[in-house]
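Lettering follows sequence order; numbering is per chain, from 1.
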Amino acid sequence: MALLEKAIKISQKHLLGIQDLSIKDIHLILDEAKKFISLNKSKNKKLDILRGKTQINLFFEPSTRTQSSFELAGKRLGADVMSMNITNSAIKKGETLIDTAMTLNAMHPDIIVIRHQDSGACNLLSQKVNCAVLNAGDGRREHPTQALLDALTIIDRKDKVQGLRIAICGDILHSRVARSNIYLLNMLGAEVNIVAPSNLMPKDIEKLGVNTFSDMKKGLKDCDIVMMLRLQNERMSSSFLSSNREYYEYFGLTPDKLDYAKKDALIMHPGPMNRGIEIDTKLADDINKSVIKEQVELGVAVRMACLKIFCE
Amino acid sequence: MKKQYFLNAAIIDPKNSLDEMGGLIVSEEGKIEAVGKKVNKNNIPSREKFIDLSGKHIFPGLVDMRVFVGEPGYEYKENFKTLSNAALAGGVTSVVTMPNTSPIIDNVSIVDFLKRRGRDKSKINIYPSASLTKNLEGNNMTEFGLLQKKGIIGFTDGTKTIQNSRLMSRIMRSAFDLGCLIMQHAEDNELSQNGMMNDGVIATKLGLQGIPEVAEKIIIERDLSLLEDFNCRYHISQISSSKSLDVIEKKKDQIDFTTGVSINNLSLNENDIGDFRTFLKLSPPLRTEEDRQSLIRGINKDLIEVLVSDHKPEDEESKRLTFSQAATGASGIETLLPLSLELFHNNSIKLPKIIKLLTSNPAKVLKVDKGNLSIGNDADFCIVDINKPWIVKKEKMISKSKNTCIEDKKLQGKVTNTFVKGVELFKL
């Protein structure tokens, strides 16, 4: 069995988005990640699979969980991990992304993990460097490892994704997490409901194969999973919503709205959360319903799997 | 200059309703002396040498109403000399230059400089436009009358739109009094804010902020409403969507105005952006295939009169960025005609109609006696092999900036010679 798995290779050189992956690729990553779950719970967490490899984390946007998760994942696999501090770098002095890429490329890294505020930044980077590029979030476009860890969390709790009804709620317009999840959950056979106020619903999103709702109660009906998204106030240049309290009233996840979902429905959130805006604080901490902490935990396993697979 | 004889060509001259096999005689003064089927081997002096153009076409020199030149201020992108050479390679002999330079063409003192540079450095006819508002700020009108007297052909804020309705109404009144041509780039800034491409499923997938069609439509609706009161000479620089065309169709019988379209919007659609190809970041944005086809219908129904290159040279550095950071626009003056011919080859638009939109129609909008082969006029014309296959390669482009949006595209039809005032200035 182990031999057989090794024979399967990932179809892509880079992990830029779920859109580029085949269903085989997805299973390859998820199966690999499952192996790391128990390792991450054990006492000795260090492996040497990536010993001698260099991983550069290039985060142009602030990030807590993704950056630390990638850093930890690389370290646990034995890679030399370097996290660039953008605020002190040449980028602040006007260097373009391509020049930064060329500079880093000259240092012969084996993998670059990039987060950037512009959609497509990782695609541009991947065209200019020799090593593999992992997308840790580009603008509104994709956040593939988040979708993969979400899928892993769902599989861990529900054994499968196939046939589940999953609602993704909130600021879909600005969300790369929503986009990556739509592609992945669709590929894995879920029925995806998108719930958002019309002002935060991207144009023609139903063409991606989802049902759209602007009424949360209808959108949550009989759902197995309720995935809440953060209201990305920092990306909103003009008035999308009248107020946070009105948003909470209509689109915040509260016990009465959750009642429309299935009794055993799970609550997910990619973090960081705005408590009392998109989610009721008690629900967020409800250990019987919320799997938010587990998402973070499995995130490390998924990133270890991605680093391993794309470094090879 | 010796008298020149061109025989056996297919001649299209829309202004004079000419579409026939025949010849062209250019006088010693570089003027059109005779043209058409009556010019043949039997009625020219037998001792004279002639050029046999069998299998080729003669068109009037193209008139391109929307061209950006980097002079003054952005000479590294394009100067008058490089623009002129690129234009000649595309059969373009007259251009309207946009005022978006540095400094901006918004006052009389800079017009002299511009005309002098245009005359000394370029070999084609340069018709400079000036801005509608001072410093393109959209607040105060420029001196339409004085600028026009200095030789400004029309007024536009180029890539910008007059947002303020009251100001637009006043501009129209002034233009009405002074007989000036107003060319509006139609885009509501609030609706298109931070937008980078057509608003639709592709933008959603690429995670790029969209520019909705209504941003264009709402300005056209507003301007055409204002125009009902003061019907000045008004031209919509470019339209991109089917919705805009609907508005135009409704108003066409009631008021006088003209409409342009860029060859890019006519030949490409949003899918061509592919994997964040910044060379296809354009304004107005490329829209859906349905929009593209409706623009072709618009031409065939005479709702769109002018075809432009929207030639916007940008250096490589301003395109080698992420899509949101990259500059907008594509270099296209030398591919305007070949790319237009694609619409003839694929049976979208008849050849005389295409040539009309590239020659006599823009000349009529501008009120200049160009873009025709009328007897006694300057012999500005091009010779074209409309079937010659070739591939667009940026390294072979003549324009100083190589930001073509049709790199590697296979085209059919190439300009082989271009003449201005009877002098051959380009030869393939």
Side-chain angles (χ1 to χ4, degrees), chain A residues 14 16-20 60 91 94-102 114 116-128 135 137-143 172-180 182-183 194 196 200-210 212 235-240, chain B residues 163 188-217 241-243 269-281 285-291 314-328 407:
Chain A
H14 310 286
L16 304 179
I18 300 293
Q19 288 176 85
D20 310 324
F60 291 84
I91 292 134
E95 188 175 71
T96 66
L97 179 62
I98 289 182
D99 287 333
T100 308
M102 302 299 225
I114 178 178
H116 199 284
Q117 62 278 10
D118 289 346
S119 302
C122 53
N123 306 57
L124 184 63
L125 185 77
S126 73
Q127 291 159 14
K128 306 290 168 187
N135 180 12
D138 64 322
R140 307 171 176 186
R141 195 184 69 101
E142 283 236 34
H143 191 352
I172 310 291
L173 182 66
H174 299 103
S175 176
R176 52 196 172 217
V177 176
R179 285 169 177 77
S180 285
I182 289 169
Y183 304 129
I194 296 295
L200 295 175
M201 191 76 93
K203 182 100 187 273
D204 294 341
I205 192 147
E206 62 284 353
K207 289 186 183 164
L208 300 182
V210 296
T212 56
R235 290 187 212 270
M236 297 191 194
S237 48
S238 52
S239 173
F240 284 89
Chain B
Q163 302 294 325
D188 183 293
N189 282 357
E190 297 292 330
L191 288 170
S192 69
Q193 197 179 45
N194 302 326
M196 291 169 250
M197 65 172 296
N198 182 42
D199 197 18
V201 69
I202 311 253
T204 295
K205 280 177 99 167
L206 292 176
L208 297 174
Q209 174 82 31
I211 302 172
E213 304 132 320
V214 70
E216 180 176 284
K217 182 185 163 194
S241 82
S242 154
K243 281 187 177 164
N269 66 36
E270 58 176 353
N271 294 304
D272 291 303
I273 290 170
D275 194 12
F276 297 98
R277 292 175 62 200
T278 56
F279 284 26
L280 284 93
K281 183 178 177 186
L286 297 173
R287 299 209 185 265
T288 64
E289 177 60 13
E290 291 74 48
D291 285 311
E314 292 292 347
D315 60 308
E316 198 120 322
E317 294 317 311
S318 57
K319 285 287 188 182
R320 289 173 70 217
L321 296 166
T322 61
F323 205 85
S324 68
Q325 291 167 354
T328 304
E407 168 80 346

Greatest number of non-hydrogen atom pairs under 4.5 angstrom with chain A, of Val201(B), Leu321(B), Thr278(B), Ile202(B), falls to Val201(B)

Ranking Arg179(A), Gln127(A), Gln19(A) by heavy-atom pairs under 4.5 Å to chain B gives rank one to Arg179(A)

Applying side-chain hydrogen bond (donor to acceptor under 3.5 Å, both in side chains) to Ser175(A) and not counting sequence neighbours gives none

Turns out that what part of Glu206(A) lies under 4.5 Å from chain B's heavy atoms comes down to neither

In terms of heavy-atom contacts, His116(A) and Leu97(A) come closest through CD2-CD1, 4.2 Å

Would you confirm whether Lys281(B), through its side chain, and Met196(B), through its main-chain N or O, come within 3.5 Å as a donor-acceptor pair? no

By side chain to side chain contact (heavy atoms under 4.5 Å, CB included), Arg320(B) pairs with (sequence neighbours left out) Ile98(A), Glu316(B), Glu317(B)

Whatever's closer than 4.5 Å to a heavy atom in chain B on Glu142(A) counts as neither

Could you go through the side-chain hydrogen bond (donor to acceptor under 3.5 Å, both in side chains) check for Gln209(B) and Arg140(A) one step at a time? CA-CA 9 Å; Gln209(B) 174 82 31; Arg140(A) 307 171 176 186; 2.7 Å; yes

Among Ile172(A), Leu124(A), Leu125(A), Leu173(A), the residue with the most heavy-atom pairs under 4.5 Å to chain B is Leu124(A)

